Amino acid sequence: MKISVIIPFLNEEENIHSLVTELNLFFAEEKNYEAEVLFINDGSADRSVELLKASRHTAYKGKVISLSKNFGSHAALRAGIREATGDLICFMYADLQDPLNLISRLFEKCSEGNEIAWAVRNNTENGFFESSFSKFYSAMMQKYAISTYPDKGFDVVMFSKKIQQNINSNVEANSSIFLQILTLGYKQVTIGYDKKTRTKGKSKWTLSKKVKLFIDSFVAFSYAPIRFVTVIGILLFITGITWSAYLIIRKLAYNDLESGWPALMSVLLTGFGITNISLGIIAEYLWRTLDASRKRPVYIIDEIIELKNE
């Protein structure tokens, strides 16, 4: 049995030594399977690749797969899935916030006949903003997109070659690899774990990337934004008809209404604001349709380096 562990990274030179050391120690004690580790270089500009090449990889076979530029972590994971040769595939990360023993725990669950095994966070030691965003994202996903989405999210998953074939045959741009796997169906199981705090380096999970993921998730996996536009349009139409009827009746009955620019500007600004929001949501769908029709690559592999196994 062979497991492919995919580790995307971007400028993680502070963590490379600890990562390789921990991988060697962990896989040296594992006798139930052999390991293949795919380090996906997502456009790093530091010495991460040089340090990986110079490191001793004693307990596993390793490769560095360098992308031509920074395509994002989800694209990097897709590149790893394409190149993986293991019977099972697992995601891990260079910051070591997720314990490596998750690989063995997930392996046990997949050995029981599950096609997909998720590691779901019991808690997180991130800051207030990160925790609040995670809770909000999870709540919105559960309500409007995927009801089975876990309360505190997930970063680690293991799945079979059957899932790999599905992912490789349906490479989605501007989408979440995790949600795509989650919605495939098949027999799935979850385990819980405690995520640790990053000790070295700086997280690359910026606010702009979180906003992009939030938009991508809803546009790709939910019709809620389009339904929102429709509901707003109906409500505005009803409000407009009601307000017009009120003005006519008031004019005929009392003739005490005076025209004024403030009221007119308020109506115009509100109306145009809602219209632009609605057009923006529709444009998101149209852009993604255009982007998919172009069939541009989600990632481009620049180089694959075989690491020496000593």
Side-chain angles (χ1 to χ4, degrees), residues 1-10 12 19 23 27 33-44 49 52 60-94 98 100 102-103 106-107 109-111 114-119 146 153-190 204-205 209 213 216-217 220-221 291-292 295-307:
M1 178 69 74
K2 181 179 180 181
I3 293 180
S4 294
V5 180
I6 301 172
I7 304 179
F9 67 92
L10 173 63
E12 290 285 357
L19 174 64
L23 287 170
F27 287 121
Y33 51 82
E34 62 175 304
E36 169 190 61
V37 180
L38 304 178
F39 300 94
I40 315 299
N41 173 26
D42 190 23
S44 295
V49 175
L52 280 172
Y60 57 89
K61 294 181 179 179
K63 293 181 183 179
V64 175
I65 301 174
S66 292
L67 305 185
S68 62
K69 65 174 185 177
N70 176 230
F71 287 92
S73 61
H74 288 234
L77 291 171
R78 291 182 187 277
I81 293 172
R82 175 72 67 179
E83 298 298 321
T85 61
D87 302 290
L88 293 169
I89 299 171
C90 181
F91 299 159
M92 293 301 292
Y93 303 94
D98 308 294
L100 292 178
L102 285 175
I103 299 173
L106 294 172
F107 171 74
K109 293 299 180 181
C110 288
S111 299
N114 297 292
E115 298 289 346
I116 305 171
W118 297 96
I146 304 172
F154 40 55
D155 298 304
V156 181
V157 61
M158 182 177 288
F159 50 88
S160 67
K161 291 189 74 68
K162 186 183 295 184
I163 306 303
Q164 179 190 28
Q165 293 168 1
N166 275 276
I167 296 297
N168 287 339
S169 61
N170 296 282
V171 179
E172 298 181 0
N174 301 308
S175 180
S176 166
I177 183 67
F178 298 100
L179 297 184
Q180 186 178 356
I181 294 172
L182 184 63
T183 55
L184 285 177
Y186 297 105
K187 188 176 181 181
Q188 306 184 23
V189 68
T190 62
K204 313 308 183 295
W205 189 230
K209 292 181 179 179
L213 175 64
D216 287 346
S217 298
F221 295 94
D291 199 32
K295 297 183 179 179
R296 292 176 177 172
V298 175
Y299 58 85
I300 298 175
I301 295 177
D302 178 46
E303 183 182 19
I304 299 179
I305 303 170
E306 294 277 354
L307 298 174

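These figures come from a predicted structure and were not determined experimentally. If you read the sequence from its start, that first residue is 1, and numbering goes on from there. Atoms considered below: every heavy atom in the structure, side chains included; atoms not considered: hydrogens, waters and symmetry mates.
- The two residues Ile163 and Leu184 make their nearest non-hydrogen contact at CG2-CD1, 3.7 Å.
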Evaluation steps, side chain to side chain contact (heavy atoms under 4.5 Å, CB included), between Leu100 and Leu23: CA-CA 8 Å; Leu100 292 178; Leu23 287 170; 4.0 Å; yes
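- Remark: side-chain polar atoms of Gln180 are paired, donor with acceptor, to backbone N or O of Asn170 under 3.5 angstrom.
- With sequence neighbours left out, the side chain to side chain donor-acceptor pair (under 3.5 Å) criterion links Lys161 to Gln164.
- Minimum interatomic distance between Leu10 and Ser44 (heavy atoms only, all atoms of both residues): CA-OG, 3.4 Å.
- Applying the salt bridge (Lys or Arg N to Asp or Glu O under 4.0 Å) rule to Lys162 yields the partners Glu115; only residues at least two apart in sequence or on another chain are considered.
- Listed by chain and number, the residues in a side-chain contact (heavy atoms from CB on, under 4.5 Å) with Gln188 are Ile116, Trp118, Leu182 (sequence neighbours excluded).
- With contacts defined as side-chain heavy-atom distances shorter than 4.5 Å, the pair Phe39/Leu19 qualifies.
- Atoms CG and NZ, from Leu52 and Lys63 in turn, are 15.0 Å apart once rounded to the nearest 0.5 Å.
- Taking 4.5 Å as the limit, some side-chain heavy atom of Leu88 sits within range of a side-chain heavy atom of Ser160.
- In terms of the salt bridge (Lys or Arg N to Asp or Glu O under 4.0 Å) criterion, Lys109 has no residue partners (sequence neighbours excluded).
- Note that CD1 of Ile301 and CD1 of Ile65 are 5.5 Å apart. Values are rounded to the nearest 0.5 Å.
- Interatomic distance, NE2 of His74 versus CD1 of Ile177, reported as 8.5 Å (0.5 Å rounding).
- Nearest heavy-atom pair, Met92 versus Val5, reported as atom, atom and distance to 0.1 Å: CG-CG1, 3.7 Å.
- Side-chain contact between Val64 and Leu307 is present, with heavy atoms from C-beta onward closer than 4.5 Å.
- Side-chain contact between Ile81 and Phe91 is present, with heavy atoms from C-beta onward closer than 4.5 Å.
- Put simply, CE on Met1 and CZ on Phe107 are 5.0 Å apart, with the number rounded to the nearest 0.5 Å.
- Partners of Phe71 by ring-ring contact (aromatic ring centres under 6.0 Å, His included), not counting sequence neighbours: none found.
- Shortest non-hydrogen contact noted between Ile89 and Ala84 is CD1-CB, 3.7 Å.
- Side-chain contact between Phe9 and Asn41: present, with at least one pair of heavy atoms (C-beta onward) separated by less than 4.5 Å.
- Here the shortest heavy-atom pairing between Cys90 and Leu106 reads SG-CD1, 4.2 Å.
- Put simply, the side chain of Tyr186 does not reach to within 4.5 Å of the side chain of Ile181, judged on heavy atoms.
- In terms of heavy atoms, Pro8 sits closest to Ala76 at CB-CB, 3.9 Å.
- With sequence neighbours left out, the side-chain contact (heavy atoms from CB on, under 4.5 Å) criterion links Lys2 to Glu34, Glu36, Thr85, Asp87.
- Phe178 CZ to Leu77 CG: the interatomic distance, rounded to the nearest 0.5 Å, is 5.5 Å.
- Met158 places a side-chain heavy atom less than 4.5 Å from the side chain of Ile3.
- Under the 6.0 Å cut-off for aromatic ring centres, Tyr33 and Tyr60 do not qualify, their centroids lying 6.0 Å or more apart.
- Atom CD1 of Ile103 is separated from atom SG of Cys110 by 12.0 Å, given to the nearest 0.5 angstrom.
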